[in-house]
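Each remark here refers to the structure printed beneath this line.
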Number of protein chains: 2
Amino acid sequence: MPAIVSASLSKFGKRQEGLMEIAAEAALPVLRGRWDDVDFVVVSNTYSGEFTSTSGLNTLLTTYLSLDAVPSIRIDNTSGSGGSALLVASSLITSGTARRVLVVGVEKMSTLKTRDVTAVISSLLTPRERATGPSLPSLAALAAKLYMSRYGATREALAQVSVKNHHNGALNPYAHVRKEVTVEEVLSSPLVSDPLRVYEYSPISDGAAALLLVGDDEARSFTDKPVYIRGIGTASMSTSITSRDDLLDLSSVREAGAKAFRRAKAEKVDFAELHDMATVLELVQSEALGLLPRGEAWKYSEEGYTALNGELPLNTSGGLVSKGHPIGASGVAQAVEVFQQLRGEAGQRQVRNPSVGLSLSMAGFGNCSTVTIYGVEP
Amino acid sequence: MPAIVSASLSKFGKRQEGLMEIAAEAALPVLRGRWDDVDFVVVSNTYSGEFTSTSGLNTLLTTYLSLDAVPSIRIDNTSGSGGSALLVASSLITSGTARRVLVVGVEKMSTLKTRDVTAVISSLLTPRERATGPSLPSLAALAAKLYMSRYGATREALAQVSVKNHHNGALNPYAHVRKEVTVEEVLSSPLVSDPLRVYEYSPISDGAAALLLVGDDEARSFTDKPVYIRGIGTASMSTSITSRDDLLDLSSVREAGAKAFRRAKAEKVDFAELHDMATVLELVQSEALGLLPRGEAWKYSEEGYTALNGELPLNTSGGLVSKGHPIGASGVAQAVEVFQQLRGEAGQRQVRNPSVGLSLSMAGFGNCSTVTIYGVEP
Ligand SMILES: [Ca+2]
């Protein structure tokens, strides 16, 4: 399996810069001294057309980065694009199609008003469900209600996930929302979709993430501390929410996780980046992945088990809720966080001596999920 | 290398049906009796957002096709998306990531007026060139002028490419423009961009193409006549047209072709599907690929060398000019044509006993090119 040998982020947030500038901000540190090495570029992006009237983003970007002769593609899987890009980049290397792949995830979303961004993103729902009005935030709110009633989770426990992720994000210089919040502040912040409030959702962010992936055989010629992809699993489920038996059973997450653990020959991980588009999803996902017992993640969260200094730190980067969620960048940014943690380079967010990490990149409301397991050893 | 074991098209043209219906029209014949076999879906599409306000196309499509649990991605490389999708699908199989990949290329373009379609497609140009006005059709016209003046090609010889491709397309039940044209009709058709006229450009089409790709080890359990992918090459060049030394030197085509021939261990092909967004490009590309001598393709075309019954038939399907050019579908549709030809199933378009075929899928004006070489033997 391939290895990540370099990784970087742009600052996440409302940026004045354009799509190319933001992508370059993440890619240039990765490219430094390695322009001639890269033989393929995978761009992870969903909405360059809708948000910035740009198509052909991958070839525009290779030209912008002075990688004119390097072939490229754009991968889209909505909010799960980054995980899919990593899967494809790994396959390109393992199959011998490419040797050194630059992966760049990028999205510029702040060009539109919040309402219009929500409308654009709702275009991933089935036509019938799109017409009847549920947006992804309102589905998350429904999941929160269900989670509380089914498992007896308290409202405060849900809010605690936001408190933890904002704490982590405040320690992340690249995060969009660098601000500690208390349970009280979360619960008195503006209501978005009952019962969830604004601090419990990812903000609308611009941002980019980049990494260089190479074959494991040559990884150590690039760096003393490569981070190996040990296994990737991907799985899907119906896009039609109303046709699902149980809103809390994210079967794509469960199956992608099982595949990834099998391929990685791993039993446990030391920390994980999950897809907390809304905080309740971190709870549901950690259970679906088998990281925490079903129906009990909220207790573990309340007790600090998933905090930076806990047994199983979750979303050390701040997660989507605090770091931000530039659609095409998020899954790649998760890999960047895992890379930094496994190299011991996560600064104030560093977890203690991790050797195995996990990321979950999720399209829509679990429409397609990709789980990647990384290790300091192959 | 993997093999294509089944392939199909939707009717190309101005369709009343929506994006999903058109995609399904191509995919259902490929899926028949094989629903349980498919373990990955690669969707080739560029403009579902711009043309039909749809995102998350890949998961919407798997749900529509009752492939709920099958993971999927969308691949975009503008007009070269189909070739990139084939490259990625092959890599997924060769790397062991997937075993049986359904590739579906689809675009619905007729929702917008011609002027608006051109504006959308121009969004793949560099911002500076986009601002100064050249569209892809006008770049092709410039290339035609240059080709005639440099090589002494006659205006009639250029028109002859359109005559040939319309002849082939008239024999293709799935083609958009099924109509024979004469040189005189081509040269008296409405001017689009001097000197090129309407019959010398691909029309704006809706359409889809689908194929099933599996590992070569199990190909014969699916069909007695698999078509093997013998080699794929991809290469890129600057997206900035004005920064190129020579508008007629499509270096990405040249390099992608050289790589594909090397990987396929092939010296020649029996026929080829090229990317004739404008007819002059068929000439330029056949030279860049080394299929015909530089500066002389127009003579070969005039003498019937590239006709259906010639030595090297080009664009037997009718090419983009007659079959149509639904952006994300085109590259996949080329593979479908090669599949049918190599199996002897191309009906009135059948070339005599071919054993090796080639397709060229090209993004923008050569921004990224992918060449695939196929054979009846692995
Ligand atoms: Ca021949």
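Just so it is clear: chains get the letters A, B, ... in the order the sequence lines come, proteins before strands, and each one is counted from 1.
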For the residue pair [X] and [Y], what are the closest heavy atoms and their distance?
| X | Y | result |
| --- | --- | --- |
| B:S236 | A:T59 | OG-CG2, 4.4 Å |
| B:S95 | A:T94 | CB-CB, 3.8 Å |
| B:S91 | A:T97 | OG-OG1, 2.8 Å |
| B:V88 | A:I73 | CG2-CD1, 3.6 Å |

Pick whichever of [options] has the most heavy-atom pairs under 4.5 Å with chain A.
| options | result |
| --- | --- |
| B:S238, B:G56, B:P127, B:A98 | B:S238 |
| B:L125, B:N77, B:T78 | B:N77 |
| B:A235, B:A119, B:S84, B:G18 | B:A235 |

task: Taking the side chain as every heavy atom from C-beta outward, state whether B:L124 and A:L60 have any pair of such atoms under 4.5 Å apart.
output: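 In short, these two side chains do not touch, never coming nearer than 4.5 Å.
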query: Going by heavy atoms in the side chains, are A:Y64 and B:T239 under 4.5 Å from each other?
result: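 Not in contact.
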query: B:N367: what forms a side chain to side chain donor-acceptor pair (under 3.5 Å) with it, not counting sequence neighbours?
result: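 Testing B:N367 for side chain to side chain donor-acceptor pair (under 3.5 Å), a comparison that skips the adjacent residues, returns B:R244.
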task: List in chain and number order the residues that pass side chain to side chain donor-acceptor pair (under 3.5 Å) with B:R263, two or more places apart in sequence or in another chain; answer none if no residue qualifies.
output: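 So B:R263 forms no side chain to side chain donor-acceptor pair (under 3.5 Å) with any residue.
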message: Just verifying a value: how many Å separate B:S252 OG and A:D68 CG, rounded to the nearest 0.5 Å?
response: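 It is 11.0 Å, given to the nearest 0.5 Å.
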Side chain, backbone, both or neither: which part of [X] has an atom under 4.5 Å from a heavy atom of chain B?
| X | answer |
| --- | --- |
| A:I93 | neither |
| A:N58 | side chain |
| A:V41 | neither |

message: Can a side-chain donor-acceptor contact be found between A:S240 and B:T63 if the only test is distance below 3.5 angstrom?
response: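 The answer is no; no qualifying pair exists.
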message: Applying side-chain hydrogen bond (donor to acceptor under 3.5 Å, both in side chains) to B:S123 and A:T54, what does each step give before you reach the verdict?
response: CA-CA 5 Å; B:S123 72; A:T54 299; over 6 Å; no
- prompt: Does anything in residues 45-53 of chain A get under 4.5 Å of chain B by heavy atoms, and if so which residues?
  reply: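 The stretch touches chain B at A:T46, A:Y47, A:G49, A:E50, A:S53.
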message: Going by the rule salt bridge (Lys or Arg N to Asp or Glu O under 4.0 Å), which residues pair with A:D246 if we only count those two or more places apart in sequence or in a different chain?
response: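 Scan of A:D246 (salt bridge (Lys or Arg N to Asp or Glu O under 4.0 Å), adjacent residues dropped) gives A:R150.
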